[in-house]
Amino acid sequence: MILPAICLSLPPWVADMLPPPDQVFTSPESRMTLALTLAQSNIRHGTGGPFGAAVFDLDSGRLIAAGVNIVTAANCSVAHAELMALMTAQRLIGCFSLLADGRNVELTSSTEPCAMCLGALPWAGIRQLACGARDADARAVGFDEGDKPSNWPDLLEKRGIRVLRDICRDQAVAVLQEYRRRGGIIYNGQV
């Protein structure tokens, strides 16, 4: 039996959307704007679900890595935007933990994490999570976000991960609704 290589790549258009390396993102809203732009572009390019994420160094305000959902394009249920951004950031810094070298890292996600992505956050080495749309907003368009404890933000806080919610929420909800309006695939829809 030949084992296939598993290789996940972000769509080529993502590189064209990245800001210059010296651009500084000084606020949660500026960081969320990038995540939402990625999510919206992912819809328009037809390369995956309506989710975007980015990893930022909070001390410098600079982008480390970006990610978009490529579940349908890659035929891979774990290729969520948050995981793509985290894996890319870890590869770029050369370490499985983003805490390496004392980094102070934020994951900015266009929507609150699903159960799978939530589970990955403590091991990724982030210090802060910023979310746009809420779990309920993703469910409202048909996505199944999995079983999460209702107090998940408190549980992350106990692990030393600060949680910011509702950053540009109206814009984030509009991206989810645009995906639904355009007939985007709800690949893990509620039954």
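The chain is numbered in sequence order, starting from 1. None of these values were measured; they are calculated from a predicted model.
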- Message: Any non-hydrogen side-chain atom of Val55 less than 4.5 Å from a side-chain atom of Leu63?
- Response: no
- Show the numbers, then the answer: is there a side-chain contact (heavy atoms from CB on, under 4.5 Å) between Thr111 and Cys131? CA-CA 5 Å; Thr111 302; Cys131 308; over 6 Å; no
- Query: If every non-hydrogen atom of Gly52 is compared with every non-hydrogen atom of Ala39, which pair is closest and at what distance?
  - Reply: N-CB, 3.4 Å
- Message: Could you go through Asp57 and Ser60, starting from their C-alpha distance and side-chain angles, then the distance that decides it, and tell me whether this counts as side-chain contact (heavy atoms from CB on, under 4.5 Å)?
- Response: CA-CA 6 Å; Asp57 181 309; Ser60 69; 3.5 Å; yes
- Query: When hydrophobic residues are tied together by side-chain contacts of less than 4.5 Å, even through go-betweens, does Val173 share a cluster with Leu164?
  - Reply: no
- Check Ser110 against Ala172 and note the closest heavy-atom contact, atom names and distance. O-CB, 3.4 Å
- Atom CD1 in Ile6, atom SG in Cys76: separation rounded to 0.5 Å? 7.5 Å
- Query: So which heavy atom on Glu82 is nearest to which on Ser109, and how close?
  - Reply: OE2-OG, 2.9 Å
- Item | Contact check, side chains of Arg181 and Gln177, non-hydrogen atoms, under 4.5 Å | yes
- Item | Carboxylate-amine/guanidinium contact Glu145 Arg139, below 4.0 Å | no
- Item | Working for side-chain contact (heavy atoms from CB on, under 4.5 Å), residues Leu121 and Arg159 | CA-CA 10 Å; Leu121 298 180; Arg159 287 179 166 266; over 6 Å; no
- Query: Under 6.0 Å from the CZ atom of Arg134, do we count more than 12 heavy atoms belonging to anything else shown?
  - Reply: yes
- Walk me through it: do Arg169 and Asp137 pass the test salt bridge (charged side-chain N to carboxylate O under 4.0 Å, His left out)? CA-CA 9 Å; Arg169 183 178 180 188; Asp137 302 324; 2.9 Å; yes
- Give me the one residue out of Leu38, Ile43, Thr37 that meets side-chain contact (heavy atoms from CB on, under 4.5 Å) with Val175. Ile43
- Quick one: pull up CG in Asp147 and CG in Leu118 and give me the separation to the nearest 0.5 Å. 11.5 Å
- Is any side-chain heavy atom of Val71 closer than 4.5 Å to a side-chain heavy atom of Ile185? no
- Message: Check whether Lys148 reaches the backbone of Pro113 with its side chain - one donor and one acceptor, N or O, closer than 3.5 Å.
- Response: yes
- Could you check if a side-chain atom of Leu107 sits within less than 4.5 angstrom of a side-chain atom of Ile161, using non-hydrogen atoms only? no
- Message: Nearest 0.5 angstrom please: Leu129 CG to Cys117 SG, how far?
- Response: 10.0 Å
- Message: Under the criterion side-chain contact (heavy atoms from CB on, under 4.5 Å), I'd like the reasoning laid out for Ser97 against Gln90: C-alpha separation, chi angles, the key distance, then a yes or no.
- Response: CA-CA 7 Å; Ser97 174; Gln90 290 165 342; 6.0 Å; no
- Would you call Asp22 and Arg62 a salt bridge, taking side-chain N to carboxylate O under 4.0 Å as the test? no
- Query: Of the non-hydrogen atoms in Met84 and Val68, which two are nearest, and what is the gap between them?
  - Reply: CG-O, 3.6 Å
- Query: How about Ile126 and Glu106: do any of their side-chain heavy atoms sit closer than 4.5 Å?
  - Reply: no
- Message: Please say yes or no: joined through hydrophobic side-chain contacts below 4.5 Å, possibly via intermediate residues, are Leu8 and Met116 part of one cluster?
- Response: yes
- Task: Could you walk me through whether Tyr187 and Asn69 pass the side-chain hydrogen bond (donor to acceptor under 3.5 Å, both in side chains) test, one step at a time?
- Result: CA-CA 12 Å; Tyr187 48 82; Asn69 177 292; 2.7 Å; yes
- Query: Do Met17 and Leu34 touch side chain to side chain, with heavy atoms closer than 4.5 Å?
  - Reply: no
- Query: Do Pro50 and Asn42 have side chains that get closer than 4.5 Å, going by heavy atoms?
  - Reply: no
- Would you find more than 12 non-hydrogen atoms of other residues, nucleotides or ligands less than 6.0 Å from Arg91 atom CZ? no
- Evaluate the side-chain proximity of Ile70 to Pro11: yes if any heavy-atom separation is below 4.5 Å, no if none is. yes
- What heavy-atom pair brings Val105 and Gly125 nearest, and what distance separates the two atoms? CB-O, 4.3 Å
- Message: Please list all pairs meeting ring pair (Phe, Tyr, Trp, His ring centres under 6.0 Å) that have one or both residues in residues 4-37, counting only residues at least two apart or in different chains.
- Response: Trp13-His45, Phe25-Phe56
- Query: For atom CG of Asn151, is the number of surrounding heavy atoms from other residues, nucleotides or ligands below 6.0 Å larger than 12?
  - Reply: yes
- Got a salt bridge between Glu157 and Arg162, using NZ or NE/NH1/NH2 to carboxylate O under 4.0 Å? no
- Query: From Leu176 CG over to Gln171 CD, what is the distance, rounded to the nearest 0.5 angstrom?
  - Reply: 12.0 Å
- Determine, using the 4.5 Å side-chain heavy-atom cutoff (strictly less than), whether Met87 and Leu10 are members of one ILVMFWY cluster. yes
- Item | Expected output: side-chain Ser30 to main-chain Ser27 donor-acceptor under 3.5 Å | yes
- Message: Using 0.5 Å steps for rounding, measure from the CZ atom of Arg31 to the SG atom of Cys168.
- Response: 10.5 Å
- Interatomic distance, Ser41 atom OG to Asp16 atom CG [nearest 0.5 angstrom]: 10.5 Å
- Give the intermediate values and the outcome of ring-ring contact (aromatic ring centres under 6.0 Å, His included) for residues Tyr179 and Phe51. CA-CA 10 Å; Tyr179 183 74; Phe51 306 102; 7.4 Å; no
- Query: Are the side chain of Asp101 and the backbone of Arg103 linked by a donor-acceptor contact shorter than 3.5 Å?
  - Reply: no
